[in-house]
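Below is one structure; the comments refer to it alone.
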Amino acid sequence: MDGAGGDAMAPVVEFHDVTVAYAGRPVLWHVDLVIRGPALYGIVGPNGAGKSTLLKAALGLVPLAGGRVTFDGGALADSRARVGYVPQRETVDWGFPVNVMDVVLMGTYGRLGWFRRPGRRERDVAGECLRRVGLADLAGRQIGRLSGGQQQRVFLARALAQEAVIYLLDEPMAGVDAGSQELIFGVLDSLRAAGRLVIVVHHDLRSAAGWFDGVALVDMRVVAAGPTAAVLTAENLRRTYAGQPAVLEELARAVAAGGRTP
Amino acid sequence: MSPSVTGIESFHLWNIATAMAVAAPCALVGTLLVARRLSLLGDAIAHAVLPGIVIAVLAGGRPGGWLTMIGAVAAAIVTASIATAVASNSVGVGEDAATGVGFTTMFALGVILVSVAASRVDLDTACVLYGELELSAFDTVPVAGLEIPRGFITGCLLFAGVGLALCLSWKEQVLAAFDPAAARALGLPVAGLSVALLVGTALTTVAGFDAVGGVLVVTMLVAPAAAAELLVSRLHHVAAVAVAIGMAAGAIGYLAAWRLDTGAAGMIAVVLGAVYAVAALVAPEHGILARALGAVALRWRVAREDFLAAAWRAAEGGTATVPRGWAAWPVARWLAAEGAVGWTPTGWRLTPTGRARAETIVRSHRLWEAWLGRNVDLPLDHLHPPAEWVEHHIGSAVRAILAAEVGDSVADPHGRSIPPESPPPAGRAR
């Protein structure tokens, strides 16, 4: 498939026949997915469906057992600066000795490259990003003293500071208060309005219907993908949340153990 | 021996300089180890380098020389790789267990090598355990006509090398340590940065090994940074404070050992442990003292607020006084000094400012009860006790939310009226 698709500037992420395995055990099977920007796009599915794994696979954080992922038609290595990643909040140690501004400035490191320190311009950008997520007053605060919603907003500000074109966010609404969730969705929406592609791993179906242009329902494979209204049908949701297909489960276990299914 | 510091022989000064020069790079590397929550890796490496050092010495190297450094780094990397490989191949062993077993086995191997080869090499088990800081001034090399101790030169070179490497890769090291997934997504060589840290740890361990021995060098790696992290909250500040603590402990520990006529290595480690204990005591945020003071301050505030609320409720009930127990006396005197209560022949009476403060407390209390009664299905007798302590923690913003949600009911679930919101107090009272 060609990545251009009309507007040459429009960001696009393509998963082509992607299969991922952890320690020999397949967790995602044959994912074919084309996500075109500008859009606010949701990856939705039950726990353990492989949603986060899909993002990590795209970023090369877990090895692919098969298939490929392209960004704007090219390899990730050619567009790392254009791709912003927000990991799950629990994956980092919030007792780490850095303050809010330090973390947001990390978003500028990719652009700076080695041996250059963040300067005046980077501080201005970071300050502006903090303002956008409503944390301008907390720039000097130790990150461990923030609430869960504030920590998530710091992560979002760091991604904003990267000034990326494609954003991949892993569960940005997990453990977040209603006010922060509203604010985060608002910021993501403004990114879409500015022509960016924002892909969000998300667990809450109710808010998914309200915010996302497009949705992929994932449960070890892509159950359905496309415009939100067309995808979030009762039948598709039943197939996604009915429990993982017994055949895939059995097969994954057999592959991991080097054995054979019953 | 002269008891005065001014009468100290020059070799003591050189030994102190060596202790400080060795402590500085250890503290720098330790800062990253502690920040990554890898303190035990420092411990493990300090043990694992022993066989590498012994083999290098057997091969003709000199303790603290370049050959032993290479031997130590090789041993550290080999062992770390084995531990990681064992853990990632999930042979049913966790990485901590793999590390624990792997590195102690290496250390034991080193101890056996030392005792087997004791006749042929300039190493013994005592040196492995305690180092030989006291003798370091006598192992010198001529530099520009001066006899400089080797240990001092090694320490200085390492400090310069580690410091330079950290300066050049600081932001990458911090990002990789804080958020390895995001660092990898940005294309940073996270694994390479970890290996660099491993190499730095092994090198500084060798320098520390000569000075204070293979066991106590762990303290030099970990304790300064652990103490510094309690005191300051940004990593480059932690690094600076850790270096200062390490160097100071090196000097103080040596002097104390000299005065008490005991081993310098042990005394330096004890001083570092004491510094950590003091840091845990006085740390500004999570320190034992800060928390104790915070608890006392809270109890004092609660006592005063309870007094005001009791006085207000008494007035509401028509008696216009509050019970005066001996325990209430200091509270009342303090509130009188704040201008919140005044003494009258019938007892303590609220002033207008005191009444406003009391109404805020009672309003918080009754709003909370009203809100709970409305939103949580609880019997009436469940409402009062929690409100008794919650009232002290509700601020004006949350009060406004509660008021909006209970829809400006004028009464709490017990049927008593909720006082109106008072204007925020001007000035001091809090």
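Values reported hereafter were calculated over all heavy atoms of this structure, with side chains retained and with hydrogens, waters and symmetry mates removed.
Expressed to the nearest 0.5 Å, how far CG of A/Asn99 lies from CG of B/Leu235 amounts to 11.5 Å. Considering CG of A/Leu59 and CG of B/Leu186, their distance stands at 10.0 Å, rounded to 0.5 Å. Expressed to the nearest 0.5 Å, how far OG of B/Ser233 lies from CZ of A/Arg141 amounts to 11.5 Å. Separating the NZ atom in B/Lys171 from the CH2 atom in A/Trp114 is a distance of 8.0 Å, to the nearest 0.5 Å.
Under a cut-off of 6.0 angstrom, the local environment of OH in B/Tyr276 is sparse, with at most 12 non-hydrogen atoms contributed by other residues, nucleotides or ligands. The environment of CZ in A/Arg117 is sparse: at most 12 heavy-atom neighbours from other residues, nucleotides or ligands sit within 6.0 Å. Taking a 6.0 Å sphere around CD of A/Glu182, one finds it holds 12 or fewer heavy atoms contributed by other residues, nucleotides or ligands.
Of the atoms belonging to B/Ala183, not a single heavy atom falls under 4.5 Å from chain A. A/Leu105 does not touch chain B: none of its heavy atoms, backbone or side chain, sits under 4.5 Å away. Of the two parts of A/Asp93, the backbone and the side chain both hold a non-hydrogen atom closer than 4.5 Å to a non-hydrogen atom of chain B. Heavy atoms closer than 4.5 Å to chain A are found in both the backbone and the side chain of B/Val174. With a 4.5 Å cut-off on non-hydrogen atoms, A/Val86 does not touch chain B at all.
A/Arg158 and B/Ala182 make their closest contact through NH2-CB, 3.5 Å (heavy atoms, listed as atom of the first residue, atom of the second, distance). The two residues A/Pro97 and B/Glu229 come nearest to each other via the heavy atoms CG-OE2, 3.7 Å.
The aromatic rings of B/Phe178 and A/Phe155 sit perpendicular to each other, their planes meeting at more than 60°, with 30° as the lower class boundary.
In this structure, B/Asp179 and A/Met106 have side chains that are not in contact, with every pair of non-hydrogen atoms separated by 4.5 Å or more.
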